[in-house]
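Labels below follow one simple rule: chain letters A, B, ... track the order of the sequence lines, proteins then strands, and each chain is numbered from 1.
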Amino acid sequence: MRKDQDLLEPLLPPYIRELNEPQQEAVLSLIGPVLMLAGAGTGKTKALTARFVHLLKTGSAHPNEIFAVTFTNKAAFEMKNRVGDLLGRNVEGFKWLGTFHSVCARFLRKHAELAGLEPNFTILDTDDQLRIFKQLIQAENIDEKNWPARLLASTIDNWKNRAFTPENLPMSENDKYDGLGRSLYAQYQDRLTRLNACDFGDLLLKVVTLLQANKDLLQRYQKLFKYILVDEYQDTNVVQYLLLRLLAAGHQNICCVGDDDQSIYGWRGAEVGNILRFESDFKDAKIIRLEQNYRSTEYILAAATGVISANKNRLGKTLWTSSKGGERVRLIGHWDGGEEAIWISDEIEAMQVGTRGLRKYNLSEVSILVRASHQMRAFEDRFLKTGLPYRVIGGPRFYERLEVRDAIAYFRLLVSSRDDLAFDRIINTPKRGLGDSAQQKIRENSRVADKSLLDGARECLLSNKISGKGATQLRLLLDTLDRLRKMYIQGTISHIEMAEQILEESGYTRMWMSLQDKTPDAGGRLENLKELIKGLEEFENMEGFLEHIALVMENSTDNEVEKVSIMTLHAAKGLEFPAVFLPGWEDGLFPSQRSMDESGVKGLEEERRLAYVGITRAEELCTISFVGSRQVYGQWQSAIPSRFIDNIPVEYIENLTLPGLYGYQLDERINQDIDNAATLSDDIQSRAAMADVYQSPGWRRLQNSKKTHKDPKVEIKSSITDAEILSGRFLVDDKVFHQKFGYGVILALDGGNADVFFEKAGEKKLRAPIEKYLILADSLDEL
DNA sequence: AGCCTCCTAATTTTT
DNA sequence: TTAGGAGGCT
């Protein structure tokens with residue numbers, strides 16, 4: 001092999017020459033099924049784009065004969081950029097290079113009539129969906145308390161992910177949502193069709209259904225798409241998988257790139273099985289492993305490898321790097337979340353000028369990756385206090401803001417008069433004196449005549465069902481909509497002018513202006529509206545803009561100022577940073593208890609992959625931290641270090657924990673015949689004598705005690721029973737001592753929880769098992 | 001229609 | 001603890 005490569009080398013174009021051997025193989029194997037197993041940081045995007053370009057350069061396919069899909073807009077954007085760079089030309093015209101959803105939307109608009117839709121159908125977001133579900137649920141007289149709309153939404157979404165239509169929904173799913181799921185699903189789909197709308201799931205499902213039902217159509221596209229490229233294959237769900245199988249069925253020229261170790265979206269329908277099964281799905285598939293990591297140092301990679309090796313269910317890869325050594329993964333424990341945030345904040349400050357013999361780091365080189373978004377708060381609080389610039393990635397989005405959604409509803413109504421949801425949203429915003437009763441009449445009218453709400457409203461005016469002030473206002477609105485729509489279609493006004501005028505003439509901007517001295521955020525909202533209009537300039541027409549915002553919900557990122565990034569581990573996939581902080585590595589938080597409870601070993605393995613993703617984001621410096629007690633929903637809970645820490649080989653860890661502070665457990669000390677009371681009441685400092693905590697007996701004990709942890713399969717439960725608690729370790733009015741809060745008195749006991757009043761810290765709610773961190777003050781005296 | 005109070009639930013989230 | 005929703009009251 002090496003020889004052939006050497007011979008070929010001078011002939012290879014530069015975009016291939018610069019690849020390593022397996023990457024080259026992945027690019028050059030154009031014919032037949034290829035699975036590229038690309039570990040973290042192994043240059044898969046580089047290989048994927050090179051392959052795309054190679055297909056064009058060799059004349060194997062025209063741009064529009066390659067079906068190339070990614071999951072996120074970010075990934076699609078990057079791929080387009082890189083392909084464009086390599087080709088030295090604009091790539092915008094490449095029709096089938098994009099996200100699954102955008103590519104399917106394109107397909108569906110082209111063949112809308114086959115799916116019973118008009119080509120200008122609306123793509124609904126979750127908010128729209130939820131409102132429809134609520135209406136349906138109300139109509140069915142279902143108690144929303146017990147059967148929330150969100151549950152129905154997720155049930156149906158789940159079905160769509162698995163390619164279940166109301167018609168082919170298996171009987172085994174019948175009992176979902178109180179046995180009404182199927183019927184509500186069917187009603188929902190009817191409703192969508194009548195609205196000339198699709199939800200996200202439909203974009204994919206409808207394409208698959210169309211292709212399955214129309215042999216001709218399928219053959220046409222099988223022929224058109226000579227090559228198929230798929231990014232992040234481990235994240236594909238059933239529908240996506242079916243779509244790919246359908247399209248590739250003929251020539252089998254399908255190249256999927258993925259990493260089973262980075263599959264972290266099982267909870268939203270991704271099937272790791274798809275990647276594990278590739279070989280049996282596609283005969284004679286070529287499996288290529290990209291294992292050379294270009295991102296992280298040797299030690300970071302070794303630590304990550306240690307963690308992921310604990311998973312049983314994986315194809316297996318061995319990442320390696322030519323870089324040697326590096327900083328060991330730093331591990332540090334703290335008392336609680338507040339101190340953890342303070343330490344990390346201080347450390348980042350110090351890193352900017354250089355600390356602990358490390359190089360200097362810019363803020364933008366540093367990120368904090370958390371398991372759950374509520375963890376971000378402690379950091380935001382701290383950073384706001386110290387004035388450290390930070391940026392939260394994946395926060396609330398521009399297009400989800402109230403005023404932006406309102407404005408978009410106006411736009412939608414201009415483009416598609418059948419968009420009842422949009423009508424609903426803006427009919428009385430701003431107030432037009434069209435309250436419940438008027439809207440009821442409009443709805444009634446539309447239903448009877450089987451017309452859109454807009455036409456129903458028109459009808460109400462003609463037949464004088466609505467009168468007075470409301471009628472005048474309604475007439476004004478309808479006339480404005482009609483006039484602007486007409487002018488837009490005729491080309492008299494641009495989509496931008498249309499947008500400006502509808503917001504102006506409908507009174508929408510005026511509404512916010514008049515609110516300006518009443519609500520503090522009105523100014524910001526007007527700003528957002530301006531920004532929205534400005535955003536329109538990038539599009540040729542309103543339809544294109546609406547498509548964009550439906551599919552691309554991204555917020556504009558400001559990159560001017562140096563900032564620390566805070567985000568969830570999920571949001572961090574695909575990113576890399578020189579320095580990464582991974583706080584909250586405690587059992588129950590990470591791995592998340594819920595994940596383990598709900599999905600057992602499968603859930604635990606996905607959590608571990610998340611840990612792997614986290615560590616592999618770091619290029620040079622990775623710092624993991626955990627706390628002894630954390631406030632969860634206002635109650636203090638004791639915690640032990642995450643079991644994932646056990647998976648990191650000790651030789652790659654540097655422990656920064658102050659002696660005595662790590663996963664410090666009071667009960668452990670009790671068991672261990674504490675030398676004297678001073679150790680307890682006073683301080684940690686007395687334990688400072690112990691040099692390396694990680695090697696200390698205490699640490700080992702912690703490890704041993706953790707070994708008794710059962711796998712989730714066997715169920716993880718508190719070993720403390722109510723009976724034990726009642727049997728009276730604690731009673732109301734007992735004087736107690738807490739490791740952090742000091743002395744206090746028990747005010748109330750309930751189940752295993754306790755309300756305690758502390759001399760210094762005031763009243764606290766402590767959650768079971770309280771004996772983990774409370775001790776009777778009397779027993780202290782005894783010691 | 002808007003404000004207030006009570007209740008409940010609480011990972012991850014792209015498209 | 002807190003945020004968001006529902007339901008009630010003015």
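- In this structure a side-chain-to-backbone donor-acceptor pair under 3.5 Å is missing from A:T122 to A:L124.
- Between A:Y633 and A:H374, the ring planes lie tilted relative to each other; the angle falls in the 30° to 60° range.
- Taking the six-membered ring where the residue is Trp, A:Y390 and A:F383 present tilted rings, their angle falling between 30° and 60°.
- For the OP1/OP2 pair of B:dT14 and a distance below 4.0 Å, the side-chain nitrogens and oxygens of A:N73 include no atom meeting the criterion.
- Regarding A:I549, its CD1 atom lies at a distance of 16 Å from the P atom of B:dT14, rounded to whole Å.
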side-chain hydrogen bond (donor to acceptor under 3.5 Å, both in side chains) between A:D199 and A:Y188, intermediate numbers included = CA-CA 10 Å; A:D199 63 21; A:Y188 171 65; 2.8 Å; yes

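- Remark: P of B:dT15 and CZ of A:R106 are 17 Å apart, rounded to the nearest angstrom.
- Computed from coordinates, the A:L569 CG to B:dT14 P distance equals 15 Å when rounded to whole Å.
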Could you list all N or O pairs between the protein and nucleotides 6-12 of chain B that sit under 3.5 Å apart?
from: B:dT11; atom 1: OP1; to: A:Y633; atom 2: OH; distance (Å): 3.0
from: B:dT12; atom 1: OP1; to: A:S373; atom 2: N; distance (Å): 2.7
from: B:dT12; atom 1: OP1; to: A:S373; atom 2: OG; distance (Å): 2.4
from: B:dT12; atom 1: O4'; to: A:R371; atom 2: NH2; distance (Å): 3.3
from: B:dT12; atom 1: O2; to: A:W267; atom 2: NE1; distance (Å): 3.3
from: B:dT12; atom 1: O2; to: A:R371; atom 2: NH2; distance (Å): 2.6

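- Between the side chain of A:T472 and the backbone N or O of A:G468 there is at least one donor-acceptor pair closer than 3.5 Å.
- Ring orientation note: the planes of A:F545 and A:F539 are nearly perpendicular, at an angle over 60° on the 30°/60° scale.
- Rounded to an integer number of Å, the gap from CG of A:D235 to C1' of B:dT14 is 10 Å.
- In the region residues 423-431 of chain A, proximity to DNA chain B at under 4.0 angstrom, judged on heavy atoms, holds for A:N428, A:K431.
- The listed nucleotides are C:dA3, B:dT14, C:dA6; the one nearest the side chain of A:R377 is C:dA3.
- For A:I142 and C:dA6, the CD1 to C1' distance is 18 Å, given to the nearest whole Å.
- Separating the NE2 atom of A:H101 from the P atom of B:dT13 is a distance of 16 Å, rounded to the nearest angstrom.
- Atom CD in A:Q439 sits roughly 8 Å away from atom P in B:dA1 (whole-Å rounding).
- Under a 3.5 Å cut-off, the side chain of A:R191 and the backbone N or O of A:F133 do not form any donor-acceptor pair.
- Atom pair A:L130:CG and B:dT15:P shows a separation of 19 Å (rounding to whole Å applied).
- Here A:R150 lies out of heavy-atom contact (under 4.0 Å) with every strand.
- Geometrically, A:R162 does not engage A:F164 in a cation-pi contact, judged by NZ or CZ lying under 6.0 Å from the ring centre and within 45° of the ring axis.
- For A:R608, the salt bridge (Lys or Arg N to Asp or Glu O under 4.0 Å) criterion is met by no residue, not counting sequence neighbours.
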